Structures are given as C-alpha cells and as structure tokens.
Q: 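Before anything else, here's the structure in question.
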Amino acid sequence: MESKEVRLEELFPLSLRPVIGFRVEVLKESIKKNGYDPACPLVVQKNGSGYLVVNGCHRLQAARELGLDRLPVVEFPPEEDPVKLALRTQENDENVQPWDFLDRAFLVKRLYEELGTQERVAERLGWERSNVSRYLAIASLPGEVVTVIRSSVTVQGNSTVTEDCDRGHRKNLDDLWSVRWFRHICSLPADELKLAVVKKIAEAPEKWKEKDVASECARLKKRHELSTRIKEVLEGQESCEKELVELLDAVKKGVYDDRPEKALERADAVLKARQRTDLELMQEFGYEPEVFTVWRFNGRDERFGQKHPGNIPAGIVFNVLYYWSEQGDLVIDPMAGGGVVIDVCRAMKRRCVAWDVHPVREDVVKHDATRPWPVEPGSAALVFIDPPYWKQKRGEYRGENNLADMDLEGFYRSMRVVFEHAKRSLRPGGHLAVIVGPTQEAGRVHDHALVFARLLEDVGFEYVNRVIVPYTTQQVTGFDVAQARKSRFLLKLHRDLLVYRKAGD
C-alpha cells in the first residue's frame with residue numbers, strides 16, 4: 001500500500017502496547033542523526049477527522065518530542081479489526097524493537113478487561129484459549145519483575161542510547177526469553193520468588209533452557225514451603241527471633257535443600273528450648289491448674305476483658321485452655337462479650353478468633369453465632385462458649401437475635417444450631433467447652449446443662465467431663481433464702497462446665 005504524509009495533530013495513538021521510554025529515546029537519537037526513515041510509515045485507520053495509530057505509537061511519541069510536523073502513514077480500512085491489524089503489521093513496527101511477548105501479554109490483558117472472558121479474547125485473536133491464559137499470567141507479573149525482563153535487553157549490550165543506535169537494532173525479548181518459561185515462573189507462590197528467578201535469568205538469558213527454569217522454580221518453591229513451615233513454628237515466639245532469621249537465611253542459601261527435615265527439627269528444638277510451659281504462663285498471672293472437678297473462681301479479674309454483663313472469671317478460661325488445648329492452637333469464642341477469652345488466649349499463647357452480636361472491642365467481629373461461622377471448617381482445637389443463661393440477664397445484652405431475650409424453646413433451638421456450627425469448625429478430636437447455670441423461677445428449676453448435654457450428644461459430640469463452678473452465697477438475697485425454706489425448694493449456687501469432644505483421632 002502507498003504511504004502519504006499526515007500532520008501530527010491529526011494522529012491519535014491507539015496504544016495497544018505500552019510506550020516504553022527507552023524505545024522512544026532510541027528513536028529520537030536515530031531521527032536526530034539520520035532523519036525520519038520514510039520506509040517506516042505509521043499504520044493508521046481513519047477515525048472521524050483524524051487517524052488512529054494502530055502501529056507506530058513509539059515513533060509518534062518520538063516525533064512529537066522532537067517537534068516534527070508530519071509523518072508518513074499507511075492507511076488501512078476502518079472496518080478492519082485494529083487488534084489483528086496491529087499483530088499482522090508488526091514486522092513493519094519500530095526499528096527499535098518489534099512487538100515482544102510482554103507487549104502481547106498486555107494486549108491480551110487489555111482485551112480480557114474489555115471482553116470479559118478468555119474464550120472471547122481467543123476468538124478475537126484467533127488463538128487457542130490456553131495461549132490466552134498463558135499470556136494473562138505473564139501480564140499479572142509484578143511491575144518490578146516486568147522491569148527486570150525489559151531491562152535484560154539493555155543489560156545484554158550494556159550500551160547507551162547513542163551506542164545502541166550506532167550498532168543498529170537490539171535483540172528482541174523473544175530472542176532471549178521463551179514464553180514457555182513463564183508457566184514455571186508464574187506458578188511460584190510469592191512475588192519475591194518470581195523476582196528472584198527473573199533476576200537470575202536476566203543476567204544471561206541466552207544460557208537458560210526450559211528445564212533449567214523449571215528446576216530453579218521447583219527449588220525456590222521448596223525453599224518457600226520450608227520457610228513457611230519454619231515460620232509457623234517460630235514466628236511470634238518470644239526469644240526465637242534471632243534463630244528464626246538465621247534458619248530462614250540458611251534455607252534461602254540452600255543449606256537445607258537436600259535435608260529439609262533437619263531445618264524443621266532445628267526449629268522444633270529452638271522452640272522447646274525457648275518456650276515457657278503452660279504452668280509457667282499460668283503462674284505468671286497467679287493461677288494454678290485445678291485438679292478436682294469443682295473450680296472455685298469468683299469475681300472478675302480486671303486484667304482480662306472489659307467490664308461486661310456476665311463476665312466469666314479468667315481462672316475458668318485458664319484451666320480450660322490448660323486441659324484441652326496446646327500453645328499455638330486456634331480457639332473460637334462465638335459469644336465473646338467483654339473479651340476475657342481473647343485476653344487469656346493471648347497470655348497462654350493460643351490463637352483466638354471471636355465474635356459477638358454486639359461487639360464492644362475492635363478484636364471482636366460482629367457476627368451472630370447462630371449463623372454459619374466465619375472460620376475454616378476443621379481448623380479449631382477448642383470452642384469455648386459462655387452463652388446467656390437464658391433469662392437471668394434479660395435486657396442487659398444488646399444486639400439482634402439475642403439469646404437472653406428468647407423464649408425457652410427458642411433458646412434451646414438456637415443453642416443446638418450453635419453446637420452444630422462448633423462441630424463443623426473443630427478439627428477431629430477437638431473439644432467444646434460450654435458453661436451455663438440453671439434458671440430458677442417460682443420454685444421451678446430449668447437445668448440448662450442437662451438439656452445442653454442432650455443437644456451435644458444429638459449433634460454428635462462425645463462426653464469428656466463435667467465441672468462444677470460454684471457461685472458465692474452473695475449471689476442470693478436473704479429474701480431468696482427465706483422463700484426457699486418456706487416453699488421447700490433448693491437454691492442453685494453453681495454453674496456447670498460441660499466438656500465434649502468431636503469424634504476423630
């Protein structure tokens with residue numbers, strides 16, 4: 001097709017691929033030295049009173065920066081697909097660097113954002129869907145990784161812009177890198193790993209083959225997985241920071257490539273040497289494990305939790321954690337209240353997630369415990385539940401669907417749902433502990449613990465233990481005592497702590 005000259009103000013870039021600064025600078029140097037090469041016209045399509053530049057956006061930018069007035073163009077019919085036209089005419093593109101795999105990747109990304117599915121992109125380009133998927137993965141690489149890849153062409157020649165122009169064309173990225181390599185690079189689980197392998201390849205990409213890239217990526221992936229497991233053991237543990245850094249550095253250097261189990265053994269040994277026992281943690285706060293099934297704890301320990309209706313004594317939580325969980329375990333408190341369980345878990349080196357229908361702390365999530373729980377199924381070692389004891393504190397709790405404001409049948413029905421959610425959240429062998437006191441009214445006793453026991457067994461839990469937690473006699477008035485004697489009924493002065501286990505090893 002014949003070319004013609006068009007004024008720059010009539011030209012508008014379609015920008016199907018990124019305009020790279022170095023490419024523009026090389027073009028400017030070439031034009032200043034030799035003038036604009038008329039054998040390299042822009043590929044354009046008519047668009048209203050002007051023209052869309054389908055191929056040649058770098059030349060257009062260089063010409064604008066140099067203050068040129070006109071450029072040669074080859075005009076194609078406006079009804080032709082500009083994307084296919086750009087790819088078809090790319091051999092006539094910049095005398096700096098033709099379209100490379102990164103340009104194609106960002107074109108695919110742009111089309112995907114426009115068309116919405118990989119199938120439509122493949123149809124538009126006339127490609128296989130797998131090819132579209134591969135290029136989308138490349139386009140999702142972090143910017144720093146893309147910069148290293150693009151720079152590898154310049155690094156190869158170690159040249160200035162002027163020197164590059166004097167020698168002629170630089171190598172294309174496709175001459176140095178293979179698109180097939182990126183199925184291994186893009187599969188790496190962390191951006192820093194992708195950057196590390198790309199930097200290593202960029203030093204001399206012509207020396208690499210796909211098997212070398214695959215081997216290096218597999219090596220980095222194994223080191224990453226080992227580092228993650230070491231962090232799970234040592235990260236956040238007191239007095240282990242130095243050993244953690246040293247171990248991670250050794251893994252990064254490949255010291256444990258052939259014996260990863262030795263690194264884990266080292267991490268476990270460090271933890272055991274540094275870790276305080278549960279007994280030591282309890283003693284730090286003035287508590288000792290109870291050895292009988294009657295636990296006498298009364299009053300609020302102000303070091304744990306905010307003041308809240310029905311605050312549970314911290315000593316109860318310390319003992320539940322001591323007997324039915326280990327350091328590092330996940331504990332769930334679905335009715336967190338003032339957050340006593342959260343604070344005791346922190347003191348006992350347990351992880352805790354907690355929610356409430358009316359949170360009073362930032363570390364408590366707003367959630368109704370009768371709705372599906374926002375936690376990974378099978379992830380918890382212990383669920384600790386301190387629900388309202390039905391109507392005893394009616395009107396004192398806030399939030400929708402409050403168990404304290406329900407009728408008795410609704411209260412039991414809701415607790416069954418809570419127990420079902422707890423079972424799904426617990427790992428096999430995990431424990432559920434629920435504390436509840438009976439309700440007495442008009443001489444009648446509603447023994448919630450007995451009902452809870454039946455509900456737990458119906459849900460599929462196995463009985464472990466029952467602990468009596470007495471109240472003080474200050475919980476009742478002299479009038480209550482007189483009425484009990486006169487009407488011949490016994491006053492209940494204890495709570496029941498029921499411990500059940502999810503079946504499994």
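Throughout, residue positions are numbered sequentially from 1 according to the sequence presented. Keep in mind that what you see is a predicted model, and the values were worked out from it rather than measured.
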Q: Between Glu113 and Arg110, does a salt bridge (Lys or Arg N to Asp or Glu O under 4.0 Å) hold up when you go through it step by step?
A: CA-CA 5 Å; Glu113 291 169 350; Arg110 172 175 169 166; over 6 Å; no

Q: Of the non-hydrogen atoms in Ala137 and Ser140, which two are nearest, and what is the gap between them?
A: O-OG, 2.6 Å

Q: Under a 3.5 Å distance rule, please check whether Asp333 uses its side chain to pair with a backbone N or O of Val341 as donor and acceptor.
A: no

Q: Is it true that, when you exclude Glu261 itself, more than 12 heavy atoms of the residues, nucleotides or ligands shown sit nearer than 6.0 Å to its CD?
A: yes

Q: Under 4.0 Å between a side-chain nitrogen and a carboxylate oxygen: does that hold for Arg64 and Asp69?
A: no

Q: Looking at Arg7 and Glu10, is there a salt bridge between them, counting it only when a charged N and a carboxylate O are closer than 4.0 Å?
A: yes

Q: Are any of the side-chain heavy atoms of Val340 and Asp386 separated by less than 4.5 Å?
A: no

Q: Not counting sequence neighbours, which residues clear side-chain hydrogen bond (donor to acceptor under 3.5 Å, both in side chains) with Lys253? List them please.
A: Asp249

Q: Is a side-chain donor or acceptor of Ser151 paired with a backbone partner of Thr147 at a separation under 3.5 angstrom?
A: yes

Q: Counting N and O atoms only, with roles assigned by atom type, does the side chain of Trp373 sit under 3.5 Å from a partner on the main chain of Ala369, one being a donor and the other an acceptor?
A: yes

Q: Is it the case that more than 12 heavy atoms not belonging to Arg276 sit under 6.0 Å from its CZ atom?
A: yes

Q: Which heavy-atom pair separates Ser187 from Lys221 by the least distance, and what is that distance?
A: OG-NZ, 3.7 Å

Q: Measure the OG-CG distance between Ser30 and Leu27 for me, rounded to the nearest 0.5 Å.
A: 6.5 Å

Q: Name all pairs fulfilling the side-chain hydrogen bond (donor to acceptor under 3.5 Å, both in side chains) condition that reach into residues 343-355, sequence neighbours left out, sorted by first residue then second.
A: Glu238-Lys349, Asp278-Arg350, Ser325-Arg350, Asp343-Arg346, Asp343-Arg361

Q: Ignoring hydrogens and angles, tell me if any N or O in the side chain of Asp368 forms a donor-acceptor pair with the backbone of Val357 under 3.5 Å.
A: no

Q: Could Asp103 and Arg150 be called an ion pair, given the rule that one side-chain N must be under 4.0 Å from one carboxylate O?
A: yes

Q: How far does SG of Cys352 sit from CD1 of Ile332, to the nearest 0.5 angstrom?
A: 8.5 Å

Q: Below 4.0 angstrom, N of the basic side chain to O of the carboxylate: do Arg416 and Glu420 qualify?
A: yes

Q: From Ile31 CD1 over to Asp37 CG, what is the distance, rounded to the nearest 0.5 angstrom?
A: 9.5 Å

Q: Go through it in stages, so that I can follow the logic: the residues are Glu225 and Arg229, the test is side-chain contact (heavy atoms from CB on, under 4.5 Å), and I'd like the CA-CA distance, side-chain angles, deciding distance and then a yes or no.
A: CA-CA 6 Å; Glu225 291 170 353; Arg229 293 176 65 186; 5.5 Å; no

Q: Before accepting this row, confirm whether a basic side-chain N of the pair Arg183/Glu210 lies closer than 4.0 Å to the acidic partner's carboxylate O.
A: yes

Q: Answer yes or no: is there a donor N or O on one side and an acceptor on the other, between the side chain of Glu75 and the main chain of Val44, under 3.5 Å?
A: no

Q: Do other residues, nucleotides or ligands put more than 12 heavy atoms under 6.0 Å from the CD atom of Glu114?
A: yes

Q: When you look at Phe101 and Phe182, which way does the ring-ring contact (aromatic ring centres under 6.0 Å, His included) test go after all the steps?
A: CA-CA 11 Å; Phe101 70 88; Phe182 288 90; 5.1 Å; yes

Q: Contact between Glu243 and Leu271 at the side-chain level, heavy atoms closer than 4.5 Å - yes or no?
A: no

Q: Below 4.0 angstrom, N of the basic side chain to O of the carboxylate: do Asp81 and Arg124 qualify?
A: yes

Q: Can you check whether Tyr51 reaches Phe12 side chain to side chain, under 4.5 Å on heavy atoms?
A: no

Q: What pair of heavy atoms forms the shortest contact from Pro13 to Leu60, and how long is it?
A: CD-CD2, 4.0 Å

Q: Looking only at heavy atoms, what is the nearest atom pair of Val320 and Ala433, with distance?
A: CG1-CB, 3.9 Å

Q: Can you name the side-chain hydrogen bond (donor to acceptor under 3.5 Å, both in side chains) partners of His421, sequence neighbours left out?
A: Arg424

Q: Between Leu247 and Ile230, does a side-chain contact (heavy atoms from CB on, under 4.5 Å) hold up when you go through it step by step?
A: CA-CA 8 Å; Leu247 259 178; Ile230 291 172; 4.1 Å; yes

Q: Got a donor-acceptor contact below 3.5 angstrom from the Lys423 side chain to the Val459 backbone?
A: yes

Q: So does Glu216 pair up with Lys200, basic N to acidic O under 4.0 Å?
A: yes

Q: How close do Leu220 and Leu193 get, heavy atom to heavy atom, and via which atoms?
A: CD1-O, 3.8 Å

Q: As an exercise, state the distance from NZ of Lys262 to CG of Leu226, rounded to the nearest 0.5 Å.
A: 13.5 Å

Q: Dump the intermediate steps for salt bridge (Lys or Arg N to Asp or Glu O under 4.0 Å) on Arg104 and Asp174, then the final yes or no.
A: CA-CA 11 Å; Arg104 294 191 292 275; Asp174 290 343; 3.0 Å; yes

Q: Count the heavy atoms of every other residue, nucleotide or ligand shown that sit under 6.0 Å from CD of Glu9, and state whether that count exceeds 12.
A: yes

Q: Side chains of Asp257 and Arg223: does their closest heavy-atom pair fall under 4.5 Å?
A: yes

Q: Taking all non-hydrogen atoms of both residues, which atom of Val74 and which atom of Pro41 are closest, and how far apart?
A: CG2-CG, 3.4 Å

Q: Check whether any side-chain heavy atom of Thr228 lies under 4.5 Å from a side-chain heavy atom of Glu235, and answer yes or no.
A: no

Q: Report yes if some heavy atom in the side chain of Val132 is under 4.5 Å from a heavy atom in the side chain of Tyr112; otherwise report no.
A: no

Q: Nearest 0.5 Å, what's the SG-NE2 distance between Cys217 and His224?
A: 13.0 Å

Q: So do the side chains of Met335 and Val418 get within less than 4.5 Å of each other, counting heavy atoms only?
A: yes

Q: Is a donor on one side and an acceptor on the other found under 3.5 Å between the side chain of Ser379 and the backbone of Glu376?
A: yes

Q: Is it the case that more than 12 heavy atoms not belonging to Glu80 sit under 6.0 Å from its CD atom?
A: yes

Q: With rounding to the nearest 0.5 angstrom, report the CG to CD distance, Leu382 to Glu326.
A: 11.5 Å

Q: Going through the distances and angles, do Leu432 and Lys502 end up as a side-chain contact (heavy atoms from CB on, under 4.5 Å)?
A: CA-CA 8 Å; Leu432 177 147; Lys502 178 178 177 177; over 6 Å; no

Q: Run the side-chain contact (heavy atoms from CB on, under 4.5 Å) test on Asp100 and Asp175 for me, step by step, so that the C-alpha distance in whole Å, both residues' side-chain angles and the decisive distance to 0.1 Å come before the verdict.
A: CA-CA 9 Å; Asp100 55 45; Asp175 298 327; over 6 Å; no

Q: Check whether any side-chain heavy atom of Pro82 lies under 4.5 Å from a side-chain heavy atom of Leu52, and answer yes or no.
A: no

